Enquirer: 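Right, I'll just put the structure down here and ask away after.
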Amino acid sequence: MYYLHHYFEPDFRHTQLSPVREPDGLVSPRYLGYVQNVVAGQVLAELIDLDRFPDVARDPRFLYPERHLPIGPNCAAHSENPDKIVAVTNGYVFYNEGLISVKRLLNVRGNLGFHTGNIFFVGDVAVHGDVQTGFALQAANILVKGHIESSKVKASGDIVCLEGIRGSDESTFSDDPEKNPDIEMPLPKTLVEAGGNLRLPFCERVQLRARGNIIIDGSCLHSTIYVGGNLVVKGRLQGGTVVANGLVYIEGRMGSDYGDPTRIMMGYDPFDFLTLQKIESQIAYLKDRKGFFESMSARNHVMEQEYASRLYLVERKLKVAMRKHRLLWARFSQDEKSSLKCRLMAQGTVMPGCEIFIGCGYYKTADMDSDLTFFLDNDEVKSRRNKKK
Amino acid sequence: MDDVTNSDVLEGLSDLLTLSLGESKSGSPYACRSFSAYSGERHTAYGRFHDRISLSNNTEFRSALYGLVGENTNNVILDFKDAFMTRSTLGTLVAFAASMHGRNVRMYIYRPAMQIKAALIELKLASFFRFLNSEDDVTMVVLV
């Protein structure tokens, strides 16, 4: 007699989810355990000979009179121990028609929201609806067929959103969850981050980060963009900040005659710049905390003892942050050669008040113009009219 | 940068952890075996794992991981410097990371052993995790 012992939940049903009770007893309403992640090489099930191990706890559904391995797609017998079933690829594991299967693409047939909870998946995800406000999604490559609302979407590869991204509130740079002081240039709360490329029809009040290219088929309004490759905006670019280090091409109007200024910053690694902004935010926060702990410690001896360890920790963190800040600035100055290759091409109308930083050069548009290319020449940002075909 | 030996880093890290985790740190019931786990103050938990973590002790590994997390935990730092992990236990780690992601708890891996880092890169999972490579990085993570 043989028993198939599972190392995953064989009765898992994604349509019958409820908040997961973790081994520590806690329950989170935004985590429903929507997917059972497995990695390539992970053991999924093991066939145990009950004649040799009669005391194994058993579910009668998985008792077999003969040796039987229900190997499905993307699964295989272990090369050294053929009684074990292993996954061949990263993905999620489930029972399909009596066979243990692993699938690399996760389809969310509807919105990513309270019915699914936050999702963390090691393969690719296709969301057939929207990613709703307040939820988070992380996967290898992501396709969202609906909208992305005020949420966090992160992919190690590419992200495509078919109906656009609309964010809402603003936040600060610091990663500390405690209260933070006001910071200049706060970041939008909605974050879409891709290790590869990013493509969407429009975005508003969003923070976009991509190591590759970003293509926006429509307008980009009041958003903060960090792009390692090139940025193409086929509609308007209005408000917000773009930090890039290659080509920025804007087909529609750039800037607006009212509201937030539009800033384009080029010539430095965007993600080093982001790290620098975060460190500066942390330094401001830590200085504020240090002042508070010092004032509390000065009250009396009891308070001094109470706050001594926290004051020591904040001073230590401040020292580390200042050192990182110095090292990062030193690395910044070496990137100035790349600023010569940067180009900002604005094919449509360029409104007055747009700020353009390329390397150490700065330019602010004073008049309405159109069809210009901005570049760095002799440490100055200059513009020229694009050649007509 | 100053030259720092491994023993200096370990000593410095233990000072930092004693300071940040406070006297309320609790040892894991598994401390006599391959794991040491501490749940401390300041919303940060630290777990140190060593020796071979495989399918045979996977259940204990899973319990040790979840035992780190409390109601107010914001950060979890996992030290795998001296550990060896099989694919099955990496799968358990991924499941734990998924749970932490779902609960909005930040998970960091401190100085993973070469074997673990190589396995994560081979599986294309390195970008799913945050790595801390030095004591400075740990210092910046611990909440004030």
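Computed from a prediction, not measured in an experiment: that's the story for all the values here. Chain A is the first sequence line, chain B the second, and so forth, proteins listed ahead of strands; every chain is numbered from 1.
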Enquirer: Which of these, A:Phe121, A:Phe135, A:Phe120, sits in a ring-ring contact (aromatic ring centres under 6.0 Å, His included) with B:His101?
Expert: A:Phe120

Enquirer: I need the A:Lys278 NZ to B:Met140 CE distance, nearest 0.5 Å.
Expert: 11.5 Å

Enquirer: Measuring heavy-atom distances to chain B, does A:Leu311 have an atom under 4.5 Å in its side chain, in its backbone, in both, or in neither?
Expert: neither

Enquirer: Quick check on A:Val122 against chain B: is it the side chain, the backbone, both or neither that has a heavy atom closer than 4.5 Å?
Expert: both

Enquirer: Going from CD on A:Glu193 to OG on B:Ser127, what distance comes out if it is rounded to the nearest 0.5 angstrom?
Expert: 10.0 Å

Enquirer: Return yes when atom NE2 of A:His6 has more than 12 non-hydrogen atoms of other residues, nucleotides or ligands closer than 6.0 Å, and no otherwise.
Expert: yes

Enquirer: Which bit of B:Leu123 comes within less than 4.5 Å of chain A, counting heavy atoms only: side chain, backbone, both or neither?
Expert: both

Enquirer: I'd like to check A:Tyr31 versus B:Asn104 (side-chain heavy atoms, cut-off strictly below 4.5 Å). Are they in contact?
Expert: no

Enquirer: Would you say the side chain of B:Leu55 lies within less than 4.5 Å of the side chain of A:Lys84, judging by non-hydrogen atoms?
Expert: yes

Enquirer: Of all residues at least two apart in sequence or in a different chain, which pass the side chain to side chain donor-acceptor pair (under 3.5 Å) check with A:Ser101?
Expert: none

Enquirer: Indicate yes or no: does A:Lys319 engage B:Asp136 in a salt bridge with an N to O separation below 4.0 Å.
Expert: no

Enquirer: Any pair with a residue in residues 113-125 of chain B that passes side-chain hydrogen bond (donor to acceptor under 3.5 Å, both in side chains), sequence neighbours left out, goes on the list, sorted by first then second residue, please.
Expert: B:Arg87-B:Glu122

